[in-house]
Amino acid sequence: MDKTTAAGLLGAKIRALRDTHGWSPDELASRLFVTGNRVTKMELGTDPPNREMVQRLEQVLNAGGALLELYPLLRNESFRDYAVPFLIKQRKAKTIRTFSLIVPGLLQTPEYARAIMHAADPDGLTDIDAAVDQRLERQEVLAGSNAPWLWVVLAESALTTAIGSRAVLRDQIEKLLKDITQPNIHIQILPTGAPSIPGSISLLTSPTGERAAYTEGFDTGWFMQDADDVERYQKVYDRLHAEALGPGKSEEIIRETLGKHT
């Protein structure tokens with residue numbers, strides 16, 4: 001249990017309150033109508049509760065406002081801390097909708113990912129080889145019988161922005177063309193000049209219908225599970241999706257761009 005993060009601190013408080021009642025994780029879970037495993041993840045800080053769950057915990061544990069006081073700290077957590085629950089949710093999602101100014105991590109080639117990481121780490125503080133391996137491992141979620149439905153709205157500039165070398169970008173574009181042949185992967189291009197935003201959005205839906213949103217900029221990020229927050233970013237994504245080209249026209253644009261890189 002890492003109490004240096006907001007999620008860990010909130011989880012530690014949940015466990016302390018549970019202990020005062022003399023309940024096991026399963027006993028608390030039965031009162032919350034969730035699984036014991038869900039309680040354990042909340043206590044460890046690996047899958048923090050959303051506002052609705054915090055309010056239920058407040059009532060069940062008779063917390064006297066202690067949990068609601070800690071909850072706002074989650075909004076001020078750093079990107080790297082928030083990336084953990086987002087990636088956990090992403091791995092288990094049934095549907096993933098993403099808007100991005102660059103090729104999203106789930107579709108990146110190793111060299112494209114490496115080039116992006118090098119550009120964002122001029123001081124060499126990151127173990128890039130390990131980070132690339134982890135990103136490739138996460139891509140495995142797109143294969144298999146339980147693969148999620150992935151819908152990507154990709155800015156057209158991602159097809160021309162220099163990432164690494166010309167060969168790196170060409171190989172990445174070739175991979176996109178292979179990806180769209182998969183029945184669960186859909187890519188639509190947001191044309192240059194269309195309304196856009198300065199960052200990325202990911203919207204996740206779990207097999208049970210729970211929804212989450214994640215926004216990301218340079219070295220910043222925000223993971224959200226509150227219904228109002230998710231709905232707000234769903235509307236932003238829907239507007240971008242409405243401006244995007246259809247799948248067929250998008251494939252034509254991708255192929256035309258590949259021809260310019262050969």
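- Taking both residues in full, the closest heavy atoms of W149 and P183 are given as CZ3-O, 4.0 Å, listed atom of the first, atom of the second, then distance.
- Listed for the Q172 side chain is no donor-acceptor partner under 3.5 Å among the backbone atoms of A113.
- For the salt bridge (Lys or Arg N to Asp or Glu O under 4.0 Å) criterion with D47, the lone passing option out of K89, K41, K92, R91 is K89.
- Applying the side-chain contact (heavy atoms from CB on, under 4.5 Å) criterion to Q188, with sequence neighbours excluded, gives W151, H241, A244, P247, S250.
- Within a 6.0 Å radius of NZ in K175, more than 12 heavy atoms belonging to other residues, nucleotides or ligands are found.
- For the salt bridge (Lys or Arg N to Asp or Glu O under 4.0 Å) test with E43, the passing option among R18, R38, K13 is R18; the others fail.
- Shown here is D19, whose CG atom has more than 12 heavy atoms of other residues, nucleotides or ligands within 6.0 Å.
- A donor-acceptor pair is defined here as one N or O able to donate and one able to accept, closer than 3.5 Å; no such pair exists between the side chain of R15 and the backbone of G11.
- The structure places OG1 of T95 at 10.5 Å from CZ of R211, a figure rounded to the nearest 0.5 Å.
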Residue pair V60, W23: steps toward the side-chain contact (heavy atoms from CB on, under 4.5 Å) verdict: CA-CA 11 Å; V60 170; W23 296 337; 3.8 Å; yes
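- If you take CD1 on I253 and CG on L190, they are separated by 12.0 Å, rounding to the nearest 0.5 Å.
- A distance of 5.5 Å separates CG in L28 from CG in L61, rounded to the nearest 0.5 Å.
- With respect to the salt-bridge test (charged N to carboxylate O, under 4.0 angstrom), the residues E27 and R31 do not qualify.
- Other residues, nucleotides and ligands contribute only 12 or fewer heavy atoms inside 6.0 Å of the CZ atom of R239.
- Between Y233 and W222, the ring planes are perpendicular. Angles over 60° get that label, and only those under 30° would be called parallel.
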Steps toward salt bridge (Lys or Arg N to Asp or Glu O under 4.0 Å) verdict (K249, E252): CA-CA 5 Å; K249 183 61 177 178; E252 289 180 18; 3.6 Å; yes
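- Nearest heavy-atom pair across L67 and E58 is N-OE2, 2.8 Å.
- Between L142 and A147, the shortest heavy-atom distance links the atoms O-CB, 3.3 Å.
- Contact detail for Y112 and V103: the closest heavy-atom pair is OH-N, 3.2 Å.
- Interatomic distance, CZ of R97 versus CG of D238, reported as 8.0 Å (0.5 Å rounding).
- Applying the side-chain contact (heavy atoms from CB on, under 4.5 Å) rule to I173 yields the partners L159, L169, I254, T257, L258, H261; only residues at least two apart in sequence or on another chain are considered.
- Checking side-chain atoms of T40 against main-chain N and O of G36 turns up a donor-acceptor pair under 3.5 Å.
- Residue pairs meeting the side chain to side chain donor-acceptor pair (under 3.5 Å) criterion with at least one partner in residues 127-136, sequence neighbours excluded, are Q108-R135, R114-D129.
- Taking CG from L176 and CD1 from I187, the interatomic distance works out to 4.5 Å, rounded to the nearest 0.5 Å.
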